[in-house]
Amino acid sequence: MLKELKLYPKYVSMSLRSGLSYKADSFIMMISFAVTEIISLATVYLIVGSVPQIGIWSFNALAFLFGFILVPKAIDHIFTDELWILAYWAVRHGELDIYLTRPINPLYQFVAKTFKWDGIGEFAVGIVIMCIFAPISGIAWSFGSVMVLLLCGFFGIFAFTGIKLIFASLAFWIKSSGIILNTVYNLSSYAKYPLKYMGKAFMSIMFYVIPFGLMLYYPIECLITGVNAWWSVLWSAIAAIVLMTIGLTVWTIGIRRYDSSGN
Amino acid sequence: MIELKNVEKYFKKPVRGKGVWGMFKSLFSRKYTVVKAVDGVSFTVHDGESVGYIGANGAGKSTTIKMMSGILTPTGGEILIDGKHPYKSKERNAVLKTIGVVFGQKTQLWYDLPLTETYELLRYIYDVPDDEYKKRLNELIELLDMKSFMDAPVRTLSLGQRMRADLAAAMLHNPKTLFLDEPTIGLDVLVKRNLVDAIKKLKAEYNTTLILTTHAMSDIELLCERVIILDAGKVLFDGSLEEVKHMFGDTRDVKVTCKTVIDGESVKNHFGDAVIKHAAEDGGHSVTFTIDGTKLTTGELLNYMFANYEVADVKISETGIEQVVEKIYEKDRAQGDGTNGEGDARE
């Protein structure tokens with residue numbers, strides 16, 4: 001574990017310098033991620049702007065939620081983007097071979113290989129939106145609520161990482177799980193809307209099956225209403241641990257089934 | 001020491017019907033066929049040996065190498081490298097530190113960066129001490145003649161350069177065993193020869209145990225003392241290179257084309273049974289002689305031909321690995337049927 005940590009800066013620097021060969025590409029990616037998110041927030045404004053309030057949710061509160069979700073999403077994007085390659089490509093093309101012949105954890109090597117600095121665009125947009133809407137979101141700010149926000153933001157990273165790991169590892173069984181992963185991952189965008197009013201069934205799925213709702217939406221709802229905020233931290237932590245445990249288990253079982261590609 | 005004990009690797013392939021409807025059905029069917037890629041292979045390789053592991057495409061060579069190098073987990077049996085299992089999570093790191101792997105079709109080099117970057121990373125991964133790393137890297141650069149392309153990004157290297165660089169990457173941590181899976185694939189004759197020479201030098205310098213798969217018989221002849229032949233996942237033959245040659249006849253085909261008509265029969269009479277057969281083409285203007293390499297060299301035959309005929313063209317082809325396997329396979333079957341003697345089986 002120590003060795004992996006010590007090696008990480010080396011991987012980051014290699015990934016960054018390797019990316020420098022394609023500077024323009026990374027730069028355009030960064031801008032486009034940021035622009036996509038801003039446009040999507042504008043869409044929310046168009047929809048919600050005509051209705052002054054949906055239950056407890058004003059547009060300002062929704063915008064704050066929107067910004068909040070971007071931050072863990074961007075952090076996950078920066079560190080574990082390579083999992084998409086696992087889902088779409090690596091298993092099918094036998095590209096895990098070289099990692100398996102080296103004496104450190106193959107999952108670590110695979111994920112550490114890519115450091116996606118273009119995720120910083122998303123991250124910055126998230127932070128800016130949060131800063132703009134924090135004072136008018138209706139949240140009563142205190143040391144406690146900031147702590148809740150920070151902790152839930154941290155656990156929220158694992159909502160994305162865990163889901164990606166679980167569904168990308170399915171590729172060991174079905175060769176290419178990219179489309180499934182994409183579908184499940186995109187459920188995260190529904191956590192930006194007032195799930196409370198979206199119907200019991202869908203809410204249950206977003207809370208207990210694919211817990212984007214529980215980990216990303218629920219903490220902000222609690223902060224706005226001012227009740228159960230610390231409970232939401234606990235639930236987020238539990239969900240993060242459960243997701244990562246399942247993810248690592250599916251990977252571990254899957255890698256034993258890995259059958260490379262013929263040559 | 002590497003021990004394989006009755007190793008098996010089965011792949012399950014789903015049975016897929018024809019057409020769109022068949023594909024749809026296969027989504028819901030649990031039917032599959034079992035492909036026995038490796039089917040009960042046992043052998044032992046001692047330290048410092050060099051083993052050529054050969055067989056036709058799909059015989060299970062790569063699968064065995066991948067099991068020995070920790071990529072695949074065997075379905076049955078046991079693989080021990082110095083007493084440890086490369087595919088068990090608790091033991092793998094200890095095993096992997098002592099082996100190096102080169103795949104002819106895959107590279108472990110960082111695509112967009114100069115070679116030194118990958119080597120630095122490998123140095124950390126394998127915990128190679130600084131001074132040892134520098135010394136070894138310099139030796140390898142010298143030995144593999146890599147000075148001219150050390151600072152170029154890997155993507156700009158030619159295949160021959162890349163293979164040498166991959167070899168160096170696999171040797172940096174001074175592995176006890178080096179696995180080479182088709183290292184000369186796709187290389188032209190000259191580059192291939194250089195690479196084989198380099199491997200030979202590496203082996204002599206560091207006394208590395210070498211396990212090599214290839215389709216080129218010349219690689220095996222230059223590098224290996226021992227040959228293991230695999231067919232349909234089973235070991236057909238395990239013995240020294242000399243034995244292979246002895247058993248299956250070191251034959252080669254020499255095709256000679258002349259302006260005049262060649263009297264094949266008289267050539268055969270001159271050399272006696274050293275010429276196994278001769279086949280005329282083109283109205284006798286070109287004749288293919290199949291000669292026994294243990295009794296007659298190609299040079300001797302050609303000298304005779306040059307002396308007696310106006311030779312226009314010569315083409316020499318040696319026995320390919322597929323033919324050797326085929327011969328062994330035929331022999332194997334003949335013995336199974338209880339027929340007597342090699343002579344029948346070889347025809």
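In what follows, every chain begins at residue 1, and chains take the letters A, B, ... in the order their sequences are listed.
- Counted within 6.0 Å of CD1 on A:I31, heavy atoms from surrounding residues, nucleotides or ligands total more than 12; the atom is thus considered enclosed.
- Of all the listed residues (B:D127, B:I99, B:I185), the one sharing the greatest number of non-hydrogen pairs under 4.5 Å with chain A is B:D127.
- Most heavy-atom pairs under 4.5 Å with chain B, from the set A:E4, A:K6, A:M14, A:K3: that is A:M14.
- Residue A:I98 holds its CD1 atom at 9.0 Å from CG of B:D166, rounded to the nearest 0.5 Å.
- A distance of 6.5 Å separates OG of A:S13 from CD of B:E117, quoted to the nearest 0.5 Å.
- A donor-acceptor pair under 3.5 Å is absent between the side-chain atoms of A:R102 and the main chain of B:L122, judged by distance alone.
- The 12-atom threshold is not exceeded at CZ of A:F27, counting heavy atoms of other residues, nucleotides or ligands nearer than 6.0 Å.
- Both the backbone and the side chain of A:I104 come within contact range of chain B, with heavy atoms under 4.5 Å apart.
- The candidate with the highest count of non-hydrogen atom pairs below 4.5 Å against chain A, out of B:T63, B:N93, B:V101, is B:N93.
- Without hydrogens or angle criteria, B:K106 side chain to A:G94 main chain gives a donor-acceptor distance under 3.5 Å.
- Among all heavy-atom pairs drawn from B:I125 and A:P103, the shortest one is CG2-CD, 4.0 Å.
- Here OH of B:Y124 is found 6.0 Å from NZ of A:K10. Values are rounded to the nearest 0.5 Å.
- For A:K175, the NZ atom is densely surrounded, since the number of other residues' heavy atoms within 6.0 Å is greater than 12.
- The nearest pair of heavy atoms linking A:D259 to B:L72 is CA-CD2, 3.6 Å.
- B:T107 touches chain A through its backbone: at least one of N, CA, C or O sits under 4.5 Å from a heavy atom, while the side chain does not.
- Interface remark: B:L121 contributes backbone and side-chain atoms alike to the contact with chain A (heavy atom separation under 4.5 Å).
- Here B:S69 is the residue among B:A94, B:S89, B:S69 with the most heavy-atom pairs under 4.5 Å with chain A.
- Atom CH2 of A:W235 has 12 or fewer neighbouring heavy atoms from other residues, nucleotides or ligands inside a 6.0 Å radius.
- Contacts between A:K113 and chain B at a heavy-atom distance below 4.5 Å involve backbone atoms as well as side-chain atoms.
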Original post:
What do the steps show when you test A:L100 against B:R92 for side chain to side chain contact (heavy atoms under 4.5 Å, CB included), and what is the final call?
Top reply: CA-CA 9 Å; A:L100 285 162; B:R92 51 174 291 137; 3.8 Å; yes
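- Other residues, nucleotides and ligands place more than 12 heavy atoms under 6.0 Å from the NZ atom of B:K203.
- Atom CZ of A:F202 has more than 12 heavy atoms from other residues, nucleotides or ligands within 6.0 Å.
- In the displayed structure, B:F149 atom CZ is contacted under 6.0 Å by more than 12 heavy atoms of other residues, nucleotides or ligands.
- A:R17 contributes atom CZ, which lies 12.0 Å from atom CG of B:D112 (distance to the nearest 0.5 angstrom).
- When all heavy atoms of A:T101 and B:Y126 are compared, the pair lying nearest together is O-OH, 3.7 Å.
- Heavy atoms of other residues, nucleotides or ligands lying less than 6.0 angstrom from CH2 of A:W173 number more than 12.
- For the atom pair OH of B:Y87 and CZ of A:R256, the computed distance is 12.5 Å after rounding to the nearest 0.5 Å.
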